[in-house]
Structure formats: structure tokens, C-alpha cells
Asker: 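Submitted below is the structure of interest, expressed as C-alpha cells.
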Amino acid sequence: MLLGCDGRVRRTGSASYRTPIVRNRGYVDGMSDFTIKALTPETFDDFAALVERNKGMFASCWCTHFHPDCAEKGQSAEGNRALKQRLVADGIAHAALVYDGDRAVAWAEYGSPEELPNIQHRKEYVATAERLPDYRVTCILVERGLRGQGLAAVALRGAVGLIAQAGGGRVEGYPHDTGGVRKKNSSFLYNGTRTMYEREGFTYDRPKGQGNCVMVREVPPSTGD
């Protein structure tokens, strides 16, 4: 079963899927001075402003690359924006937004494998997977000019926090395995580094493609309000 771009369930098995509702859509991350908010119709304009300041993300994809394929996807920047907004409105596109005051300065996209099936090196990943996660983190973006200050880790931490509020589960990320060497151009580190994930409590599972890896963390459900 997959989720189509129109929000309808495409069945490939017996179960249907929709991401659980996050109880608290805005909270202050306890390890930073930044506020974390869920990507929702109410916060979409803040997300859009961040994307527009950063040229639409990679090739103006508006962070739709990992969503299921459909006719609308990849046709234009405007089409990708409209698609992303519709997926958010339908509750099948999720991200943690990092706010500095009232300005969103970073995000981490997350969702189920059905919601975000188009990961890089997918064929190899499927061939080596013993089980699928409950959630995966697929893309992390930090405002240009603010990179190198730890905001990617704050965004990842925010995604984990929202997942915990939604009930927790097995979470995977697919960062670059740089061997601890800092890349000169951080724009290509679209999902952070292995070192960052390890600092955030993830453990190494296996390689994925050339220079990437699978990191895993079991996230318990949140006990807070």
C-alpha cells in the first residue's frame, strides 16, 4: 500500500495508513533556544518562506522528491509547491520546523515508508532490509548563512520529538557517512552526517549506496502533555 499524491490510499497489502496526530504542534526544544513546530496548514507559509529564501530546495523540488510519484510532481517549482501544500493539508506530509523567534530557519522532513517511499539507493536498501521502520527522516535543510551552527541537529531532534508525541516507534535516517571529515559544501549533506545522528542517539545499521548509511533509533512514546 502506498499513499498517492492525491492523498488516497494505494493498497499493496491489507492495511491502510495515516500518520498519528501529534498532540502538541508547538513546543520548545529543551536543549536549544529554538522553538519546534510541526508542519501544518497553519505553519505552511513559514515553511514556504524558508524554501523560497533557499531557492526552492534542490532543483526547486519543494521537498517533494521523497513523496510518491505522480503526474504533478517535478513539472515546475510552482507545481511542486502546490503539491506539497496539498499533501500537508491532507495530513500526509510531515516535518519539524525550527523557529528562531517567528522565523522558520530549518526543517527535518519525516514520515512513514508509505508516505516517503522514494529514498536514494532504494533497490539496495530493500534488498538488505530486515524490516521497515515506522518512520524515516529523509531531508534536513538549514537556512543559508546559518549552517555549521548545529541547526541540523536541532531539526533532527525536533522530528524525533514530534514522532515521540505521535506514539514513537522505530526511526531511520540516511545520512552521509563522511568518516568524520567535514564537507566543504554543506548543501550536499541533505540528511546530515552519521556523526550527527550518532550524537542524537542513533546507531549505525548498514551502508546504503556510496557514502551513505542507515541509522536507527527506537523512539519511545512521549509521556508529556
Side-chain angles (χ1 to χ4, degrees), residues 3 5 7 17-54 57 61-68 80-117 133-143 146 150-173 190-192 197 200-202 217-225:
L3 291 173
C5 286
Y17 172 86
R18 183 169 290 273
T19 300
I21 296 174
V22 175
R23 296 188 300 275
N24 182 5
R25 293 184 178 276
Y27 67 94
V28 177
D29 191 301
M31 296 181 67
S32 75
D33 295 327
F34 299 95
T35 301
I36 304 297
K37 296 182 181 180
L39 176 60
T40 67
E42 292 73 29
T43 60
F44 185 85
D45 286 347
D46 299 331
F47 164 77
L50 171 60
V51 177
E52 287 166 352
R53 291 195 304 271
N54 291 272
M57 192 54 177
C61 80
W62 276 83
C63 216
T64 61
H65 175 79
F66 299 103
H67 288 295
N80 288 335
R81 184 191 192 282
L83 172 60
K84 189 71 175 187
Q85 187 167 16
R86 184 162 58 257
L87 294 174
V88 172
D90 290 341
I92 51 176
H94 299 84
L97 298 178
V98 181
Y99 281 77
D100 183 5
D102 59 0
R103 181 184 176 106
V105 295
W107 88 65
E109 179 184 56
Y110 68 92
S112 74
E114 294 87 357
E115 184 177 313
L116 299 168
D134 299 297
Y135 294 92
R136 54 177 44 143
V137 179
T138 52
C139 188
I140 297 174
L141 176 74
V142 174
E143 177 89 59
L146 296 178
L151 281 173
V154 175
L156 176 59
R157 204 173 306 151
V160 169
L162 292 174
I163 289 169
Q165 287 186 29
R170 181 181 177 91
V171 181
E172 285 184 352
Y190 64 88
N191 202 4
Y197 272 77
E200 295 302 318
F202 286 75
R217 177 176 170 181
E218 294 290 342
V219 176
S222 172
T223 57
D225 294 331

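All heavy atoms count here, side chains included; hydrogens, waters and symmetry mates do not.
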Asker: So that I can tick it off, tell me whether R81 and E52 are bridged by a salt bridge, with the cut-off set at under 4.0 angstrom between side-chain N and carboxylate O.
Answerer: yes
Asker: Which value, rounded to the nearest 0.5 Å, describes the distance between Y99 atom OH and D46 atom CG?
Answerer: 3.5 Å
Asker: Where do A108 and L156 come nearest, in terms of heavy atoms and distance?
Answerer: CB-N, 4.1 Å
Asker: Could you walk me through whether K84 and H67 pass the side-chain contact (heavy atoms from CB on, under 4.5 Å) test, one step at a time?
Answerer: CA-CA 9 Å; K84 189 71 175 187; H67 288 295; 3.1 Å; yes
Asker: Which distance, rounded to the nearest 0.5 Å, do you find between the CG of N54 and the CD of E143?
Answerer: 5.0 Å
Asker: Can you measure from CG (N191) to CZ (F66) and round to the nearest 0.5 angstrom?
Answerer: 7.0 Å
Asker: Rounded to the nearest 0.5 Å, what separates atom OG1 in T64 from atom CG in L83?
Answerer: 5.5 Å
Asker: If I compare all heavy atoms of R136 with all of L116, which pair ends up nearest, and what's the gap?
Answerer: NH1-O, 2.8 Å
Asker: Measure across P68 and E115 and return the closest heavy-atom pair with its distance rounded to 0.1 Å.
Answerer: CD-O, 3.4 Å
Asker: Determine the minimum heavy-atom distance between A96 and G158, stating which atoms define it.
Answerer: CB-C, 3.6 Å
Asker: Which atoms form the tightest heavy-atom contact between G173 and F202, and what is the distance?
Answerer: N-CE2, 4.4 Å
Asker: Nearest 0.5 angstrom please: I92 CD1 to R86 CZ, how far?
Answerer: 9.0 Å
Asker: Looking at V105, V154, L151, which hits side-chain contact (heavy atoms from CB on, under 4.5 Å) with D100?
Answerer: V105
Asker: Check the side chains of S222 and Q165 for a donor-acceptor pair under 3.5 angstrom, ignoring hydrogens and angles.
Answerer: no
Asker: For W107 and A95, work out which heavy atoms get closest and say how close.
Answerer: CD1-CB, 4.4 Å
Asker: Are the side chains of V98 and I36 in contact, using a 4.5 Å heavy-atom criterion?
Answerer: yes
Asker: Going by ring pair (Phe, Tyr, Trp, His ring centres under 6.0 Å), name the residues that satisfy it together with F44, two or more places apart in sequence or in a different chain.
Answerer: F47
Asker: CZ/R217 to OH/Y197 distance, rounded to the nearest 0.5 angstrom?
Answerer: 11.5 Å
